[in-house]
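To keep things clear, I will list the structure first and then write my remarks on it.
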2 protein chains.
Amino acid sequence: MENQAEILLNDFNLRQTNQRVKILQAFLRNSAALSHTDLEEEFAGSIDRATIYRCLKQFLDAGILHRIPDEQFQTKYAVCAACDHGHHHHDHAHFNCLGCNETTCIEQIVIPSIPMPAGFKVSEKILIVQGYCPRCNNA
Amino acid sequence: MENQAEILLNDFNLRQTNQRVKILQAFLRNSAALSHTDLEEEFAGSIDRATIYRCLKQFLDAGILHRIPDEQFQTKYAVCAACDHGHHHHDHAHFNCLGCNETTCIEQIVIPSIPMPAGFKVSEKILIVQGYCPRCNNA
DNA sequence: CTGTGTGCAAACACTTTGCAGGTGT
DNA sequence: ACACCTGCAAAGTGTTTGCACACAG
């Protein structure tokens with residue numbers, strides 16, 4: 001069976017280069033969101049910083065990845081299981097663990113509707129829950 | 001009557017310098033949150049970049065200001081009406097207008113409790129609502 | 001007077017961009 | 001063959017730090 005990363009690139013009409021496949025694979029094997037720095041460390045000496053920036057931007061534009069701020073408001077990226085082909089469903093929460101600093105999608109939780117004051121038009125909601133994940137909580 | 005900025009500095013046991021007072025006043029007369037860049041522009045030629053960074057950091061530590069990410073996940077700062085003396089009540093939403101890019105506290109809205117999966121310990125919730133404010137919505 | 005804050009400049013970190021050569025289709 | 005991607009280096013932008021002097025208490 002073909003590699004899932006390659007399928008994704010195909011689906012989104014992006015050229016299939018070694019670097020893109022490797023980067024996508026990194027996301028696919030991690031449940032947690034990754035920052036540019038995470039990737040830079042993982043691919044140190046093998047993929048150039050600039051290339052990582054360009055890939056991330058392109059994946060964002062294409063809609064393969066989405067952005068999540070971590071507890072320092074640093075940008076992390078994640079493939080979103082619920083999103084397909086530009087149809088994003090991002091009204092779910094993200095959990096940021098203050099112990100291991102991992103950021104994960106909590107697909108189960110849908111952000112409750114927010115009763116905004118009159119006159120406001122809401123287009124997107126971002127909910128970040130901070131605390132400790134089961135692993136760090138028991139440690 | 002004494003200046004509110006001066007009262008604040010006093011309350012938090014911070015030295016009352018010209019620069020701090022000016023920066024605090026900027027926050028007090030703006031309903032919207034301010035970024036470092038906003039302040040740098042406002043005080044161009046009068047307060048040094050580095051000083052602004054140091055003041056913001058100190059105000060954060062002291063608990064006078066809190067941080068909110070805007071739509072680019074850039075940090076903005078705001079005095080929080082509901083917070084007093086280190087007792088923060090940040091479980092309210094922030095609204096980020098995609099038209100004028102202003103970020104404001106919506107004190108009226110309390111973030112609903114989130115039913116997290118078992119094992120997670122929640123310590124803070126950040127809710128950012130994006131859309132258009134009444135002013136930009138009608139324009 | 002003492003300790004802290006400020007401005008300036010340099011250092012540092014993060015991100016973007018131009019260009020020449022390499023790669024996917 | 002062509003268009004696009006990559007690596008490298010340089011430029012751009014945002015943030016921090018060291019130091020000498022100024023200021024608040």
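So you know, we letter chains A, B, ... as the sequences are listed, proteins then strands, and number each from 1. What's counted below: heavy atoms across the whole structure, side chains too, no hydrogens, waters or symmetry copies.
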- Message: What is the distance, to the nearest angstrom, from the CZ atom on A:F43 to the P atom on D:dT6?
- Response: 12 Å

- Message: With nearest nucleotide decided by heavy atoms, which residue, B:N18 or A:S46, maps closer to the 5′ end of DNA chain D?
- Response: A:S46

- Message: Can you tell me how the ring of A:F120 sits relative to the ring of B:F95, calling it parallel under 30°, perpendicular over 60° and tilted otherwise?
- Response: perpendicular

- Message: For A:S35 and A:D70: C-alpha separation, side-chain torsions, deciding distance, then whether side chain to side chain contact (heavy atoms under 4.5 Å, CB included) applies.
- Response: CA-CA 9 Å; A:S35 66; A:D70 77 357; over 6 Å; no

- Item | Gap between atoms CG and C1', on B:L14 and C:dT6 respectively (whole Å) | 15 Å

- Task: Kindly point out which of D:dC8, C:dG7, D:dC23 is positioned nearest to the side chain of B:R15?
- Result: D:dC23

- Query: A:D61 CG to D:dC5 P: how many Å, rounded?
  - Reply: 12 Å

- Dump the intermediate steps for side chain to side chain contact (heavy atoms under 4.5 Å, CB included) on A:Y77 and A:D38, then the final yes or no. CA-CA 10 Å; A:Y77 304 83; A:D38 295 332; over 6 Å; no

- Query: So what does A:S35 hit on the nucleic acid, given a heavy-atom distance under 4.0 Å: a base, only sugar-phosphate, or nothing?
  - Reply: nothing

- Item | A:I64 and A:V79, any side-chain heavy atoms less than 4.5 Å apart | yes

- Query: Between A:Y53 and C:dT16, is there a side-chain N or O to OP1/OP2 distance below 4.0 Å?
  - Reply: no

- Note on the structure: Closest to the side chain of B:I47, out of C:dT15, D:dT6, C:dG7, is C:dG7

- Task: For A:Q58, answer base if it contacts any base atom (sugar-phosphate contacts may also be present), sugar-phosphate if it contacts only those atoms, and nothing otherwise; contact means non-hydrogen atoms under 4.0 Å.
- Result: sugar-phosphate

- Note on the structure: Checking C:dC8, C:dT25, D:dT6 against the side chain of A:Q16 (C-beta onward), the nearest is C:dT25

- Message: Classify A:R20 by what it touches in the nucleic acid, base, sugar-phosphate, or nothing, heavy-atom distance under 4.0 Å.
- Response: sugar-phosphate

- Can you find a side chain N or O atom of B:K57 that sits less than 4.0 Å from OP1 or OP2 on D:dT15? no

- Item | Nucleotide C:dC14, atom C1' - distance to CD of A:Q72 in whole Å | 15 Å

- Task: Please state how far atom CG in A:L9 lies from atom P in C:dG24, giving the value in whole angstrom units.
- Result: 13 Å

- Task: Give the nucleotide from the list C:dT6, C:dC8, D:dT6 with an atom nearest to the side chain of A:R54.
- Result: D:dT6

- Of the nucleotides C:dT6, C:dT15, C:dT17, which has the atom closest to the B:C55 side chain? C:dT6

- Message: Under 4.0 Å, counting only non-hydrogen atoms across every strand here, what does B:T75 touch: a base, just sugar-phosphate, or nothing?
- Response: nothing

- Message: Before we go on, tell me: are the rings of B:Y53 and B:H36 under 6.0 Å apart, centre to centre?
- Response: yes

- Query: Does a side-chain N or O from B:T17 land closer than 4.0 Å to OP1 or OP2 of C:dT6, or not?
  - Reply: yes

